[in-house]
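Here the structure comes first, spelled out in structure tokens, and everything after it is commentary.
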Amino acid sequence: MEMVPSEENQLVPKEGMFWSCRQSIFDEMKKRFSQIENAAEEPRVLCIVQDTTNAKTVNERLTLNLPASTTLSKLFEDVAHKASYVNGTFDLAWGKTGDMGSLDPSSEMSLTESGFEPGKRNFLQLTDKDGEQPQIASDESGTAGSSGLDDSSQERFIGPLPRDGTVGCSSDCSSPSYSYSSILNKSDTGYVGLVNQAMTCYLNSLLQTLFMTPEFRNALYNWEFEESEEDPVTSIPYQLQRLFLLLQTSKKRAIETTDVTRSFGWDSSEAWQQHDVQELCRVMFDALEQKWKQTEQADLINQLYQGKLKDYVRCLECGYESWRIDTYLDIPLVIRPFGASQAYSSVEEALQAFVQPETLDGVNQYFCERCKKKCDARKGLRFLHFPYLLTLQLKRFDFDYTTMHRIKLNDRMSFPEELDMGPFIDVEDEKSPQTESCTDSGAENEGSCHSDQMSNDFSADDGVDEGICLDSASSTERVLKPKSSLTFELFSVMVHSGSAAGGHYYACIKSFSDGQWYSFNDQHVSKITQEDIRKTYGGSSGSRGYYSSAFASSTNAYMLIYRLKDPSRNAKYLDCDDFPEHIKHLVQREKESEEQEKRQREIERNTCKIKLFCMHPVKTMALMENKLEVHKDKTLREATEMAYKLMELDGVVPLDCCRLVKYDEFHEYLERSYEGEDDTPMGLLLGGVKSSYMFDLLLETRRPEQVFQPYKPGEVMVKVHVVDLKTDTIAPPVSIRAYLNQSITEFKQLIAQATELSAETMRVVLERCYNDLRLVYVPNKTLKAEGFFRSNKVFVESSESPDHQVTFTDSLLWKLLDRHGNTIRLFVSLPVQSPGTNRTICPKVCGDTEECSEGSKGNRNSVEAILEESTEKLKNLSLQQQQGSSTSDSQKSSDTSDFEHIESPSPSQEPDSSVSAAVAVDNRELENRIRAAGGGTYSDPETQFPGEERSDSEVNNDRSTSSVDSDILSSSHSSDTLCNADSGPIQLANGLDSHSITSSRRSKANEGKKETWDTAEEDSGTDSEYDENGKSKAESYYLYFRAEPYAQEDGSGEGGQKCVLVHVDKRITLSAFKQNLEPFVGVTSTQFKVFRVYANNQEFESVRLNETLSSFSDDNKITIRLGRALKKGEYRVKVYQLLVNDAEPCKFLVDTVFAKGMTVKQSKEELMPQLKDQCKLDLNIDKFRLRKKTWKNPGTVFLDYHVYEEDINISSNWEVFLEVLDGPEKMKSMSQLAVLTRRWTPAQMKLEPFQEVVLESSSVEELKEKLSEISGIPLENLDFAKGRGTFPCDISVLEIHQDLDWNPKVSTLNVWPLYICDDGAVVFYRDSTEEPMEQSEDERNELMKKESSRLLKTGHRVSYSPRKEKALKIYLDGGPVKDPGQD
């Protein structure tokens, strides 16, 4: 650029040249803006990448939105950065398409040229390259594999990476799992991390610090393990030695610490216990000292870590000094002095405070042995010598006496990289010539900081050694080192991040080999800087006074370890070449073990794991399940041999009679067979090695004379059940395969070949879903058009019967299939017939007692004879129908003569079967004969049985037993239930009986199925069993019912209790079901109750007579109990006694019946004899009341003139309170309000008993007047508060004075915050002038224990109590000895 001189003789550019430069700058800017605009207008490609390299990341998606002109090589770079992988160590392939070809990572083709579609989602899969998992990228300035996060967005050394899951020590850092991809490759730092087992980060931090301490590591290597003397599993030094070798020589990114913790005697639960790293350090050192006894390393811990200090007290009058020598392994430094608002700013300041003596004066004067009196004295600590490795513990955990909780102090405390300890050797400002060396047992032990409780005493010679003991020479030869030799260099900072309740530890450690600082954060190791170390000082910018630590960073230094700078002693790490021989042998063994693990891992990565099923021909007819693990290079023939052995078919079926086929368990569908592919690798057949497969394998078997049927892709499986209308039987299924494009005519021909039925007269019924029957009859219609799917069920019938001419829904075939799909099997337990029960059958026809007794015996014999006759008749009927049918079902009969055909409610319609009518008539005839045997009549249905039994649920105090069986919910029912399961299954060539598969799957489903609980019925009461004409509803609408005697296999029948096995149409009403049971129970349906028994043996009464049994399923249990059943408008009511001043205020009394329209007084009159007989309560009708019960809370008081269903809403299994009154009833009107009051007496720390107060209005003033009247407290001094929670609103006497909302500013009770609108509210009151009792700490603790015990018994919440911390222990004998009495 040409320059010209200015007026000031300075060279400046020419004006034209200036504008030329300016223009060129503008042109360049314009060009760049144009490029930006073009890039903005360029189409973009959305790439969604699924990382399939391991199970942990398979559900993660990486999203990249790139310009369409981006090259493939740039795409690989972006994916590598996003996934934190090293570029070139992975492949990208198309996803969600048939073409799984990999993309070229070196191609310069644009995305659009490579097949990517702009504006659409392009799915890619990130896969392994050449069978090797991708390498995790490592950032020099941050943690490895940072998932693409920028260093500015997270502190590099803090916390495990989001990619692998946070593994910490707090309750909210709980994922102990890690993926192999994150630990396979060693960090670029050259150091190996440690895997966090769950909450073992404190252990990892200490182990890494010890490993990075050359003197400790080298000494550990020099120790030789003698296997003949100790088990290697329990040897702590040996397991530490192995761990250190792996940390030094392993190629992994991180290694496990389970072998070390196992040597500690810890089980897996210890991994979930959080401990203090300083506590672990002391306990581990103690354990090592015990293990190293009688070895060269016996005094290693003391040589490296132990220092000495003097604890002294000096008289200020005569100068006499008493002292003792103590040892320490670490020095605890206070962060903030007790009661102070400011923390110490540095470690030096805290050390100065540590050795600063305090003056004992006033009441704290010291008794001087020389002066023989109490004198002012000076007490303090003086360091005698420092250890080679100096450990400082920053006491960040404190106790807050205001909140009574532990807290963490996050105040800033700086620490130097080099610490000069010379000034702290002697801090006394004066020395007295009269100082004497003695051991004074009376010297106080404050300020002690040693690890062995200061139990060691030393000779007087130790008192003059105020330096570093560098050798083992005698005390006379020891050299007092100058202060310049007391310089320590920082090499380890153990950091805690979190609160006093929990957090995470990691270590920042300086390597003595290169002077570089590293962050050892569990499995992640990364380089850090001095700036990162300074961040661990803690604190925050600005001052917030006392609460400054609450707002400071929770990540700060907790333990500091310094090493003395002494070239003569400072050691270097041993190289592999310098290892002792026993260590070299150990290294070789560990390398071989690691190689073996790598090979095993490689095998695992190439192993296909898939579900395997087999129908074992001998063991069970159920479908057996297992998991087949086969290498991807194994052939189908080899896999079949493995499955053959896995299913234990050796010696049962020849190997050549077995084959593997593709199977769909969910649809029970055989997808395809593998003919001619015996030598094909399994990886190719299964579509590669995957974490899960969308299909399964089935090991099929056949008989030697049979031939396997080929299964081709595209075929559908059909289970064909043959129906025989002559015998009313449905055969087990025959499996056939068809194509969806086949016509119905072709399908019938296929069935005819398999079943030998005539295709000309064949009717085919498809069951598309439960009980959805559809006749398929259009000849040219395809199976697909008819709704066939992968797995189907059809019923076929072929005969010359005229039933073909009838509409399908009116045909016998439909009725048989309909019954078949709706019949269930129930186990019914009958009540034991007691003499008392039978006597009630004929009370009106017996003249005197003797005749009645004789008559009852005769009647009983007659009834029993009739029952036996009816049972035998039912058996004969069943046997007649089973003759000639080889496929009868012993568990579920389909016999035609036992089926009652569905009739119309119209009485004009004739039954479809004369046999059905005969059975119905036989049932009614049987009932009449029983009536005749009982003397010609039954007792009045409303008459109670004197010997009536109460069910378990009737005496259960649990509210859950108040649920009523409504039988409304319909349960799914498989239509396979009546296929004659006991008949021999048709053996197919493939060896698989489809009916057995269905049955086995169904049994599994029933085992795991959650039963439908009965819901409470409507408030309208129980339905009547009879219609308006008095005719039984069951007579006008009769459904299938068959019962037969059944002997309980488990012998659970008590006292000769009889059981019957009932096959019944679940659409039958409870009323009809009960009437069908009358001949077996021996009384009318109004005189017994039906209880449904659930899996936990809890019983619930079924009372909704007009509801069906649709909520019941196969093999449900029913218990019949004698007792009057409810009539329309009646309700079963549970009566509880309210005892307001008892520890348990709710006590069950009786179960009774209230009726609609009954007054409260009438119900009380009916209750009185029941209470007297069953509860021994002889009450006068005016001496008790009934009141509403809501859970355990007493509510509205019911007045005698109240009418149920008019004034009081009532429902089934209702619950009420009965309250015994001390005097006459005070409640006369609904406008009154009954409140339960309780006085709190602070001076005695006592709650008085409850007293009821009846108010005429909701006025607060009236309440206070009443309370003043009964207590004598002046009105102006009376405070009141509403109780909280469930009655009796228990609260601790330690909390009631402050916790309740005393004296709310309201004038009425029915507004916020009181909302007292109903009877039964609890109100506490007190005298506001009365102060709480003064208590000592011991008295308060004792009262706290009593209150906790009382409130726990009543179920009341107990105030927060922090969990007890488990003491950290290392067991030298291999494990803890458990207390036999310990739970």
Side-chain angles (χ1 to χ4, degrees), residues 670 706-707 709 715-768 773-783 785-788 791-821 881-889 893-896 899 975-976 978-990 992-998:
L670 298 169
Q706 291 179 321
V707 178
Q709 177 184 354
E715 291 179 331
V716 294
M717 190 173 183
V718 184
K719 299 170 190 172
V720 180
H721 296 263
V722 178
V723 180
D724 189 344
L725 292 180
K726 293 181 181 179
T727 59
D728 267 7
T729 57
I730 300 175
V734 176
S735 293
I736 66 171
R737 297 179 71 84
Y739 289 97
L740 291 176
N741 58 0
Q742 282 182 325
S743 66
I744 297 300
T745 302
E746 295 171 332
F747 183 55
K748 287 184 178 181
Q749 294 294 339
L750 198 61
I751 295 176
Q753 293 175 11
T755 61
E756 300 181 354
L757 296 176
S758 172
E760 299 297 327
T761 57
M762 184 181 296
R763 285 185 291 176
V764 179
V765 179
L766 171 66
E767 185 181 71
R768 294 191 296 182
L773 304 174
R774 177 177 179 179
L775 183 67
V776 292
Y777 56 89
V778 181
N780 298 326
K781 206 169 183 180
T782 64
L783 299 186
E786 288 287 3
F788 280 73
S791 185
N792 310 273
K793 178 190 285 188
V794 299
F795 299 90
V796 298
E797 188 274 333
S798 182
S799 66
E800 299 291 343
S801 68
D803 195 53
H804 282 251
Q805 311 301 324
V806 184
T807 306
F808 175 60
T809 53
D810 296 329
S811 66
L812 293 175
L813 176 61
W814 184 86
K815 291 183 179 179
L816 176 59
L817 296 178
D818 181 66
R819 291 197 300 265
H820 161 74
Q881 293 149 13
Q882 292 174 7
Q883 290 176 358
S885 173
S886 61
T887 58
S888 61
D889 183 355
S893 174
S894 305
D895 304 332
T896 183
F899 276 103
S975 56
D976 296 334
L978 287 181
C979 298
N980 302 310
D982 286 350
S983 60
I986 299 176
Q987 293 294 330
L988 307 179
N990 60 19
L992 178 64
D993 176 14
S994 298
H995 169 257
S996 301
I997 294 178
T998 304

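Atom set for the values below is all heavy atoms of this structure, side chains included, hydrogens, waters and symmetry mates excluded. Just so you know, residue 1 is the first one in the sequence shown, and it goes up from there.
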Stepwise, does the side-chain contact (heavy atoms from CB on, under 4.5 Å) test hold for Leu816 with Phe795? CA-CA 11 Å; Leu816 176 59; Phe795 299 90; over 6 Å; no
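The backbone N or O of Met717 lies less than 3.5 Å from a partner atom in the side chain of Asn792, making a donor-acceptor pair. Side-chain N or O atoms of Gln742 include one that pairs as donor or acceptor with a backbone N or O of Tyr739 at under 3.5 Å. Side chain of His721 to main chain of Ala731: a donor-acceptor pair is present (N/O by atom type, distance under 3.5 Å, no hydrogens or angles). Side chain of Thr807 to main chain of Asp810: no donor-acceptor pair is present (N/O by atom type, distance under 3.5 Å, no hydrogens or angles). Not a single donor-acceptor pair under 3.5 Å links the side chain of Thr761 to the backbone N or O of Glu800. Without hydrogens or angle criteria, Arg737 side chain to Leu670 main chain gives a donor-acceptor distance under 3.5 Å.
Proximity of Arg819 to Asp728: side-chain heavy atoms (C-beta onward) are separated by under 4.5 Å at one or more points. Within the 4.5 Å cutoff, the side chain of Phe788 has heavy atoms near those of the Val794 side chain. Residues Leu773 and Thr809 form no side-chain contact, since every pair of their non-hydrogen atoms from C-beta on lies 4.5 Å or further apart.
Among all heavy-atom pairs drawn from Glu786 and Arg768, the shortest one is O-CD, 4.2 Å. When all heavy atoms of Ala738 and Leu750 are compared, the closest pair comes out as CB-CD2, 3.9 Å. Smallest separation of non-hydrogen atoms from Met762 and Lys748: O-NZ, 3.2 Å.
Partner of Ile744 under the side chain to side chain contact (heavy atoms under 4.5 Å, CB included) criterion, out of Val776, Asn780, Val778: Val776 alone.
Between Glu760 atom CD and Ser798 atom OG the span is 9.0 Å, to the nearest 0.5 Å. In this structure, CZ in Arg763 is found 6.5 Å from OG in Ser799, a value given to the nearest 0.5 Å. Between atom OG1 of residue Thr729 and atom CG of residue Asp724 there is a gap of 4.5 Å, rounded to the nearest 0.5 Å. From Asp803, atom CG reaches atom CG of Leu812 across 4.0 Å, with rounding to the nearest 0.5 Å. Note that CG of Leu725 is 4.0 Å distant from CD of Glu797, once rounded to the nearest 0.5 Å. To the nearest 0.5 angstrom, Lys719 atom NZ is 12.5 Å from Ile736 atom CD1.
With sequence neighbours left out, the side-chain hydrogen bond (donor to acceptor under 3.5 Å, both in side chains) criterion links Tyr777 to no other residue.
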